[in-house]
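Keep in mind it's a predicted model, so treat the numbers as computed, not measured. Quick note: residue numbers are just sequence positions, from 1.
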Amino acid sequence: MKKVLLLRALTAGFVAALLAVLPASAEDKLDKVSFGTNWVAEAEHGGFFQAVADGTYKKYGLDVTIVPGGPNENNRMLLIAGKIDFFMTANTLMSFDAVTNNVPVVAVAAIFQKDPQVFLTHPESRIGKLDELKPLTLFVSKDGMGSYFQWLKSEYGFSEKNVRPYTFNPQPFIATAQSAMQGYVTSEPFAVEKSAGFKPGILLLADYGFNTYSTLIETRRDVIEKKPDLVQRFVDASAIGWYNYLYGDNSAANAMIKKMNPEMTDELLAYSVKTMKDHGIVDSGDAARNGIGAMTDERVTSFFEKMVKAGVVKSDLDYRKSYTLRFVNKGVGVELRPNK
């Protein structure tokens, strides 16, 4: 046998022997993690699906299962019960509510720097400022009345006299020219344009001072105490997933979303991603400096004080228990942001 062939044979034999004594595959070593969303799969969850689809979670040693929410699901209860590891909570008010009710969960990252809550208006009404909504009929949900509308009352002098119940059906708004309807900037404007044939005006409450964080990653206190490395890896990988979803090839993530939610369309997904980028929903504010997922004490304190003034939360609430900055503000993934 030639020397080179002998060397190859010996090398091959060594590799085979080595593989025989190595432990199970790297896949078996991944930490299994379950993440519950607060609604059915959609673009607003895209970064998490991206981190699954492009292998980012695996690179961080995680085997992540996304557990979708929906109208008949309560994934936050599953988190509290220890059935899942992380949950996507809607906004900072829910984190305050957890402290109020002694629920042992903590926000560890804020994916949305701006809450997507908007009011939609008819183009012919030519509404350009928040104050100009006051004379209109306002379609507001029960949850909206207990949260952002109380802020509108305390901060801008709104009244409940013109409010009508919003039942997540746009038809009353479409049929009433002098009206405005609540919605998410990433979805309802698209739905109205498709069904009514006109492009509604949009007033994003975050641009007028409603400065709650939104789409926060929440986990239990015991997970933070016992598995801080796991929490850090999940937060970091999720941030990278969001950069890649917004600025990279998100086709595999969108395919996962459509498989999990067959009602989702390519057109709506593209609209939602563009809208998140245009309005700085994810990558603006604190995230511009400290990376996606960023939070600051100053921002949470500011929002807390506004909610106290609005009568939504009590002034003696120990709101700092609702979140931790331990895992954020580290600039993870910022290099993936395109140069502007």
[atom1]-[atom2] distance between [X] and [Y], expressed to the nearest 0.5 angstrom:
X      : Y      : atom1 : atom2 : result
Ile224 : Leu230 : CD1   : CG    : 11.0 Å
Met295 : Ser95  : CE    : OG    : 8.0 Å
Gln178 : Thr137 : CD    : OG1   : 8.5 Å
Ser284 : Arg289 : OG    : CZ    : 9.5 Å
Glu44  : Ser214 : CD    : OG    : 9.5 Å
Ser272 : Glu42  : OG    : CD    : 7.5 Å

Of all the heavy-atom pairs spanning [X] and [Y], show the shortest one and how long it is.
X      : Y      : value
Ala180 : Leu133 : CB-CD2, 3.8 Å
Ser141 : Phe168 : CB-CZ, 4.1 Å
Val235 : Ala109 : CG1-CB, 4.0 Å
Leu62  : Leu30  : N-CD2, 3.8 Å
Tyr156 : Tyr208 : OH-O, 2.6 Å
Ala253 : Gln50  : CB-OE1, 3.3 Å

Between [X] and [Y]: side-chain donor-acceptor atoms closer than 3.5 Å:
X      : Y      : value
Asn169 : Thr167 : no
Asp115 : Thr212 : no
Thr56  : Asp54  : yes
Asn211 : Ser302 : yes

Anything under 30° is parallel, anything over 60° is perpendicular, the rest tilted; go ahead and classify [X] against [Y].
X      : Y      : value
Phe35  : Phe48  : tilted
Phe210 : Phe303 : perpendicular
His45  : Phe49  : parallel

Is any side-chain heavy atom of [X] closer than 4.5 Å to a side-chain heavy atom of [Y]?
X      : Y      : value
Leu317 : Thr100 : yes
Gln150 : Met307 : no
Arg326 : Gln232 : no
Leu204 : Lys114 : yes
Asn162 : Ser159 : no
Lys277 : Tyr247 : yes
Met88  : Leu216 : no
Met94  : Ser322 : no

Checking [X] side chain against [Y] main chain: does a donor-acceptor pair fall under 3.5 Å?
X      : Y      : result
Asn290 : Asn329 : no
His122 : Ser179 : no
Asn75  : Val67  : yes
Glu73  : Pro68  : no
Asn101 : Asp97  : yes

SB check [X] [Y] (cutoff 4.0 Å):
X      : Y      : value
Asp286 : Arg299 : yes
Arg126 : Glu132 : no
Lys314 : Asp316 : no
Glu263 : Lys258 : no
Lys32  : Asp85  : no
Asp283 : Arg337 : yes

[X] with [Y], same ILVMFWY side-chain cluster at under 4.5 Å:
X      : Y      : result
Met260 : Ile84  : no
Val105 : Ile217 : no
Tyr184 : Ile202 : no
Leu203 : Met145 : yes
Tyr243 : Val332 : yes

So, do [X] and [Y] have ring centers that fall under 6.0 Å from each other?
X      : Y      : answer
Tyr319 : Phe304 : yes
Phe234 : Phe86  : yes
Phe112 : Tyr213 : no

For the pair Lys58 and Asp63, evaluate salt bridge (charged side-chain N to carboxylate O under 4.0 Å, His left out) and give the outcome as yes or no after the intermediate values.
CA-CA 6 Å; Lys58 285 187 177 179; Asp63 177 9; over 6 Å; no
Should we say atom [atom1] of [X] is surrounded by more than 12 heavy atoms from elsewhere, each under 6.0 Å from it?
X      : atom1 : value
Glu335 : CD    : yes
Lys227 : NZ    : no
Lys330 : NZ    : yes

Test log, rule side chain to side chain donor-acceptor pair (under 3.5 Å), inputs Ser238 and Tyr57:
CA-CA 8 Å; Ser238 297; Tyr57 282 133; 2.8 Å; yes
Apply salt bridge (charged side-chain N to carboxylate O under 4.0 Å, His left out) to residues Arg220 and Asp222 and explain how you reach the verdict.
CA-CA 5 Å; Arg220 297 184 306 280; Asp222 68 282; 3.0 Å; yes
Going through the distances and angles, do Asp143 and Tyr148 end up as a side chain to side chain donor-acceptor pair (under 3.5 Å)?
CA-CA 9 Å; Asp143 286 343; Tyr148 71 81; over 6 Å; no
